[in-house]
Protein chains: 2
Amino acid sequence: MPGNERATHVTARTPTDAVRDIPEATVARLPVYLRALTALADGGTVSCSSEQLATAAGVNSAKLRKDLSYLGSYGTRGVGYDVEYLRYQIAREIGVTQDWPVVIVGIGNLGHALANFSGFRSRGFRVVALLDADHTLHEQQVAGIVVRPFDDLEQIVRENDVAIGVISVPAFAAQDVADRMVSAGISSILNFAPIVLTVPPGVDVRKVDLSIELQILAYHEQRKAHGEPV
Amino acid sequence: MPGNERATHVTARTPTDAVRDIPEATVARLPVYLRALTALADGGTVSCSSEQLATAAGVNSAKLRKDLSYLGSYGTRGVGYDVEYLRYQIAREIGVTQDWPVVIVGIGNLGHALANFSGFRSRGFRVVALLDADHTLHEQQVAGIVVRPFDDLEQIVRENDVAIGVISVPAFAAQDVADRMVSAGISSILNFAPIVLTVPPGVDVRKVDLSIELQILAYHEQRKAHGEPV
DNA sequence: TAGATTGTTAATCGATTAACAATC
DNA sequence: TAGATTGTTAATCGATTAACAATC
């Protein structure tokens, strides 16, 4: 973002900490590779070259090999990569081989869509609760899950060991929700509200902002109309 | 985020083309500045320093001033920026002072949420049509707009001069929708389907991918659990 | 062995940041 | 004039890419 210019990750490490440091740009592409490998595996492909995988992921092969080199040497020179083996190694590196309980706060149109989103479950993310401050929504079922009061947040985080929260409330309410999430123990937030959230160090925020994406497209579209198109 | 590692913009320019070239990372932040300026203006602030604006936008002031310098000199040394004037200059640069007709294809849960999204209208984006291949949805109204058959795409694009399309169909249908959009004359696509789209040169695609955002958060969350948190 | 393809190096490119001269 | 703050420079940092030695 760019793209990622999206989130700040200030994570100090002790000198003895042996965890490899993977560049942020690479981290953002690993899920893309994972998806491409899953598609290849589903299509019956057992082995692939960096060129094949790069094409499927929409990047060039030099970048792909450089990215994979941060994880280790999981390929075979002259041969390529075992699809299933590489898929597992990337999944393990990202952390999606484990279960990630998630809460969604704000069950409006977007919250509905998120709750019904099938990509959650298939990637190790499990929606443990849907919360909304509007009591007229409580007891209603969305995607098979009962909507509960926002005030249940702390209890739910504690009981389910929730680390990731999704914010889909209106902009004016988002900072309050973030504050409550952080004090409840959540340390990763996916924010759909069009506002800059302030969080303490150690808490990661990523934002998804429809309006910004459209404006970036508009900027380039405007240029096409004036300058010479490609 | 990153960045904005998200979209590729291959736009060749002739040497005589006087259009300033703004770095992609800067383009991605202009909408954030625009929003911050609108918030300041709404709060009654008439003038602000780069430090103030940077804080509101969640960046540091050096970056902000560098970004603004690509647009021109719209501040006053020793004084700061006129909020309304700078707001207008950025809006003009992005292109949101003009009207952008948009079509949304795929009126499921997400399409519903997008159609109802208030940030569209307020930023110069006007939803001219909601399309879906499922005929049981046709004639239904969503956000006050009647859902029409996907086959009406070409006619709608032609009649409304649509340049921007939003794809919120399932992954398996997304490439077909993109192909139809491109051949109908759309040259900017915002894609919510979890798939890598292939488009001809000159067409911009930006993707919004919930599953990838969550996986990036999971990666960092996993690290916090092992290494030393900040 | 010959052909293929990885993993790594080094060059290039673009983005960020601090510092400060320009100037209100 | 003195203080404040922009716009720009230059250094640094991180990401991308091409090329190729390593090696299957």
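Naming: A, B, ... by sequence-line order, numbering from 1 per chain.
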From [atom1] of [X] over to [atom2] of [N], roughly how many Å is that when rounded to an integer?
X       : N      : atom1 : atom2 : result
B/Glu24 : C/dA15 : CD    : P     : 8 Å
A/Leu53 : C/dT5  : CG    : P     : 14 Å
A/Asp67 : C/dT6  : CG    : C1'   : 14 Å
B/Tyr74 : D/dT6  : OH    : P     : 16 Å
A/Lys63 : D/dA15 : NZ    : P     : 11 Å
A/Ile22 : D/dG14 : CD1   : P     : 15 Å
B/Arg77 : D/dT6  : CZ    : C1'   : 5 Å
B/Asp21 : C/dC13 : CG    : P     : 15 Å

Self-check item: Heavy-atom side-chain contact between B/Leu34 and B/Glu93 under 4.5 Å
Solution: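 Not touching, per the 4.5 Å side-chain cut-off.
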Please tell me if [X] has a side-chain N or O lying less than 4.0 Å from either OP1 or OP2 of [N].
X       : N     : answer
A/Ser50 : C/dT6 : yes
B/Ser49 : D/dT5 : no
A/Tyr81 : C/dA4 : no

Next on the checklist: Under 3.5 Å, is there a donor on one side chain and an acceptor on the other for A/Tyr88 and A/Arg92?
Outcome noted: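 No, no side-chain donor-acceptor contact under 3.5 Å.
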Q: Check whether the side chains of B/Asp67 and B/Thr26 place a donor and an acceptor atom closer than 3.5 Å, and report yes or no.
A: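 Judged by distance alone, the side chains do pair up.
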Exercise for review: With rounding to the nearest 0.5 Å, note down the distance linking CG in B/Leu217 to CZ in A/Phe125.
Suggested key: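 One finds 7.5 Å between CG of B/Leu217 and CZ of A/Phe125.
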Distance from B/Asn109 atom CG to B/Leu114 atom CG, nearest 0.5 Å?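 CG of B/Leu114 is found 11.0 Å from CG of B/Asn109.
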| request: Report the residue (A/Thr76 or B/Gly78) whose heavy-atom-nearest nucleotide on DNA chain D is the more 5′ of the two. | output: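 Nearest-nucleotide comparison on DNA chain D picks B/Gly78.
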**Report entry** Most 5' of A/Lys66 and B/Arg65 on DNA chain D, judged by nearest nucleotide
**Finding:**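 Nearest-nucleotide comparison on DNA chain D picks B/Arg65.
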* Strand contacts (DNA chain D) in residues 54-62 of chain A, 4.0 angstrom heavy-atom criterion ->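 Those residues whose heavy atoms fall under 4.0 Å from DNA chain D, taken from residues 54-62 of chain A in numerical order, are A/Asn60, A/Ala62.
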query: Has the side chain of A/Asn160 got a donor or acceptor atom that lies under 3.5 Å from a matching backbone atom of A/Val162?
result: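 No, the answer is negative, given that no donor and acceptor are paired below the 3.5 Å cut-off.
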request  = Could you tell me whether a side-chain N or O of A/Ser187 sits under 3.5 Å from a main-chain N or O of A/Val182, the two making a donor and an acceptor?
outcome  =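 The answer is no, because no donor-acceptor pair under 3.5 Å joins these two groups.
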Extract the stems that DNA chain D is part of, considering only consecutive pairing runs of at least three Watson-Crick or G-U wobble pairs, both distances under 3.5 Å.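 Stem list for DNA chain D: C:3-24 with D:3-24.
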Audit row: B/Arg65, B/Glu51, salt bridge (charged side-chain N to carboxylate O under 4.0 Å, His left out) steps and yes/no:
CA-CA 9 Å; B/Arg65 289 198 303 276; B/Glu51 190 63 42; 5.5 Å; no
Counting side-chain heavy atoms from C-beta on, which of C/dT16, C/dA15, D/dT6 comes nearest to B/Arg29?
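Looking only at side-chain atoms, B/Arg29 lies closest to C/dT16.
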Would you call A/Asp209 and B/Arg35 a salt bridge, using N to O less than 4.0 angstrom?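 Yes, this pair counts.
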